[in-house]
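For reference, the structure discussed in these notes is given below.
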Amino acid sequence: MKPRPLTVKGVYQSLQKIAISKGTGSQENKQRIVEKLLQDTRGAEESRYIVRTLVQNLRIGAVKTTMLIALARAFLYSKPDGADFAIRSQQELARLKKEDLAAVYNNAEEIVKASYARHPDYNDLIPCLLEIGVTEELLVRCGLQLHIPLRPMLGSITRDLSEMLTKLQGRDFTCEYKYDGQRAQVHCDEAGKVSIFSRHLENMTEKYPDLVSLVPQIRGESVSSFILEGEVVAVDQGTGELQAFQVLTNRAKKNVDIGTIKINVCLFSFDLMYLNGTPLLDRSFRERRELIRSLFVEIPNRFTWVKSIDATSADSEAVLEFFKSATDTKCEGIMVKVLDNASKSNNLEPLETPNNDIDKPESNPNTKGGRRKALLSTYEPDKRLESWLKVKKDYSTSSETLDLIPVGGWHGQGRKAKWWSPILLAVRNPETGSLEAVTKCMSGFTDKFYQANKDKYTEGSANVISRPSYVEYYGEPDVWFEPQEVWEMAFADITLSPTYTAAIGLVSDERGLSLRFPRFLRVREDKSIDEATTSDYLALLWRKQFERSQKEESGPSAPDAGLGWQEE
DNA sequence: GATGACTGCCC
DNA sequence: ATTCTGC
DNA sequence: GCAGAATGGGCAGTCATC
């Protein structure tokens, strides 16, 4: 077949065809489309782009931010025929001082980014830009809109409570339980139509008909339309007990019939971004929170707000106690949020970047350099700011860790192509003498460590061996390591695993144990492999974790084989 | 209809 | 999700 | 301080195959 030059439109149409093709025979159909695309490529560059696009691995350093900056520049310089917005000529821009030019660019970028964060859809943004260019009006024409999800505000990681208290010194803040569930953005319009979106803006309305049916009841009389955010958590309707994240994941996702739902949920709301036709993003968090709590109606075990306490840095004891109560009731930790905008601040343009605002050392007596920017209490979509802080037990150096043995690895991809990544780790079973796989790990290693690791476990050396009979693992790494060292690993939770063999037979006959969010901390130079964590100990930790979450319940026996908690 | 490889999306 | 790196 | 990259466990859902 003769190659036909690829065009942007043509490739896009092919990708669309692949995306919508389904049902019996669809796989072959998709294959044909891919073959055709590859036949039509001219040269290695084109085929590389096609292949990487298909495997969702383009990695050319040009994603969202780059696109938005490029759009801002494009509409600063140029406009389509017939459009009547002002643009700057190259000569005009060239005459500006360096800082002034940067300010012009920056202003345009912030407008485009703000629009996209509130209304993340290029199909709406670009037509609007073509019509009016980069102006403040963009945020009106292409801004917050019901049934279009905005990008969520994110929290920064904080190592421990004392770091948090230091960062928020001098400010009123609130500490909220960080429930272990799924983030949800709930939209409701005047007519009562409801849409629910996930953290990554997937429409999951269909997954939660029970939440949809709840909306008329939680919406107080004075509420017509709203956008509200919260955490959906599996909750036992009999006891009100919070259930583990894994329970929530057992829910069906498609064609969910409200009558057959087995896993019930509660929505714990924590923010309100829009109310009765008005965006609330520029209101203080204290005000937004007050609106939720005064205008919405709680329903036991179905809808409420997150548990919280208000505090200042002087209340370290109360905060510590609150944190402990959160982790004791199966929460991941707490979220800490600034309640008000700094009183002395003249920073009243929440849509603008906080980045280049004048420093306010007097409102932040904390840091040594005194160079902190004022923390905002406004809702900043798509930003990970220090005005929202995540504190989790497992971030802290004082949290529980495991000492595992690296037993194998795979060839890395992309920037890790020269190294072993991920790496397979095991616990030891002193009864059988075997090593039982627990998890793969690819996080926490520096490039330098990777290089040293690759040098140590070189193919052909004595440290790389053929499949050892004493390692229990169903899969097949690219290389097996001669077990010889112990690595300290951090993790958030221990999970019952369908794929790993660690502690198999101790907690379940079919399933082993694995780790949620595993990451490397350091080599335990002081330990030999016969001092590594044992499967017994791992099972003990798992039971401890399970009991902690069960302790409210009165009599049930030990968490038994495999299913147990999944069946109700 | 059951099984298993694979995908897409939660964290 | 977490983490490291380069700008 | 931010963007980008490389990947973790594990679930329901999809499709091919037996």
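Letters go in sequence order (proteins before strands), and every chain restarts at 1.
- With rounding to whole Å, A:Ile20 atom CD1 is found 16 Å from D:dT14 atom P.
- Comparing D:dC15, D:dG9, D:dT7 against the side chain of A:Tyr500 picks out D:dG9 as the nearest.
- Side chain of A:Thr66, nearest nucleotide from D:dG4, D:dC11, D:dG13: D:dG4.
- The side chain of A:Lys448 contributes no N or O atom lying less than 4.0 Å from OP1 or OP2 of C:dT5.
- When the C1' atom of C:dC7 is taken as reference, atom CZ of A:Arg415 falls 13 Å away, rounded to whole Å.
- No donor-acceptor pair under 3.5 Å is formed between the side chain of A:Thr495 and the backbone N or O of A:Ser497.
- Looking at heavy-atom distances under 4.0 Å, A:Lys207 makes no contact with the nucleic acid at all.
- Taking the side chain of A:Phe245 as heavy atoms from C-beta on, and the options C:dA1, D:dG8, B:dC11, the nearest nucleotide is B:dC11.
- Counting any heavy atom pair closer than 4.0 Å across all strands shown, A:Phe491 reaches no nucleic acid atom.
- Judged by the 6.0 Å and 45° rule, A:Arg73 forms a cation-pi pair with A:Tyr105.
- Here the separation of D:dT7 from B:dC11, taken at their C1' atoms, is 14 Å to the nearest Å.
- OP1 or OP2 of C:dT3 has at least one side-chain nitrogen or oxygen of A:Arg159 nearer than 4.0 Å.
- At D:dG10, one or more side-chain N or O atoms of A:Thr495 fall inside 4.0 Å of OP1 or OP2 (strictly under the cut-off).
- Between A:Ile423 atom CD1 and C:dT3 atom C1' there is a gap of 14 Å when expressed in whole angstrom units.
- Each of A:Phe520, A:Phe445, A:Tyr457 was checked for a ring-ring contact (aromatic ring centres under 6.0 Å, His included) with A:Tyr450, and the lone residue meeting it is A:Phe445.
- Here C:dA1 presents its P atom at 10 Å from CD of A:Glu231, a figure rounded to the nearest Å.
- A heavy atom lying under 4.0 Å from DNA chain C marks the following residues of residues 514-523 of chain A, by number: A:Phe517, A:Arg519.
- For the OP1/OP2 pair of D:dA6 and a distance below 4.0 Å, the side-chain nitrogens and oxygens of A:Ser443 include no atom meeting the criterion.
- In this structure, A:Lys390 reaches the sugar-phosphate backbone alone: every heavy-atom distance under 4.0 Å involves primed, P, OP1 or OP2 atoms, never a base.
- From A:Cys441, atom SG reaches atom CG of A:Leu404 across 9.0 Å, with rounding to the nearest 0.5 Å.
- The listed nucleotides are D:dA3, D:dG10, D:dA6; the one nearest the side chain of A:Thr65 is D:dA3.
- One finds a salt bridge joining A:Asp210 and A:Arg251 here, because a Lys/Arg side-chain nitrogen approaches an Asp/Glu carboxylate oxygen to under 4.0 Å.
- Judged by the 6.0 Å distance and 45° axis criteria, A:Lys454 is not positioned over the aromatic ring of A:Trp419.
- A straight line from CG of A:Asp382 to P of D:dC2 spans 11 Å, rounded to a whole angstrom.
- One finds no side-chain N or O of A:Lys22 lying less than 4.0 angstrom from the OP1 or OP2 phosphate oxygen of D:dG13.
- A cation-pi arrangement is absent between A:Lys383 and A:Trp388 under the rule of less than 6.0 angstrom and at most 45 degrees off the ring axis.
- Partners of A:Arg415 by salt bridge (charged side-chain N to carboxylate O under 4.0 Å, His left out), not counting sequence neighbours, listed by chain and number: A:Asp447.
- With the nearest nucleotide of DNA chain C identified for both A:Thr446 and A:His200, A:His200 has the one nearer the 5' end.
- In this structure, A:Arg199 does not reach the B:dC9 phosphate: none of its side-chain N or O atoms is under 4.0 Å from OP1 or OP2.
- Rounded to a whole Å, the CG atom of A:Leu154 is 16 Å from the P atom of C:dT3.
- When each of D:dG8, D:dT7, D:dC11 is scored by its nearest atom to the side-chain atoms of A:Asn250, the top-ranked nucleotide is D:dC11.
- With rounding to whole Å, A:Arg183 atom CZ is found 9 Å from B:dC11 atom P.
- If you find the closest nucleotide of DNA chain B to A:Asp180 and to A:Lys253, the one lying nearer the 5' end belongs to A:Lys253.
- Nearest nucleotide to the A:Gln246 side chain, out of D:dG10, D:dG8, D:dG13: D:dG10.
- A sub-4.0 Å separation between OP1 or OP2 of D:dG9 and a side-chain N or O of A:Thr439 is present.
- C:dC7 atom C1' lies 12 Å from atom CD1 of A:Ile69, rounded to whole Å.
- Contact annotation: A:Thr24 does not reach the phosphate of D:dC15 (side-chain N/O to OP1 or OP2, under 4.0 Å).
- Listed nucleotides D:dC11, D:dC15, B:dC10 differ in distance to A:Arg511; the shortest reach to its side chain belongs to D:dC11.
- In this structure, A:Thr499 reaches the D:dG10 phosphate: one of its side-chain N or O atoms is under 4.0 Å from OP1 or OP2.
- The pair A:Lys392-A:Glu332 meets the salt-bridge criterion, with a side-chain N (NZ, NE, NH1 or NH2) lying under 4.0 Å from an Asp/Glu carboxylate O.
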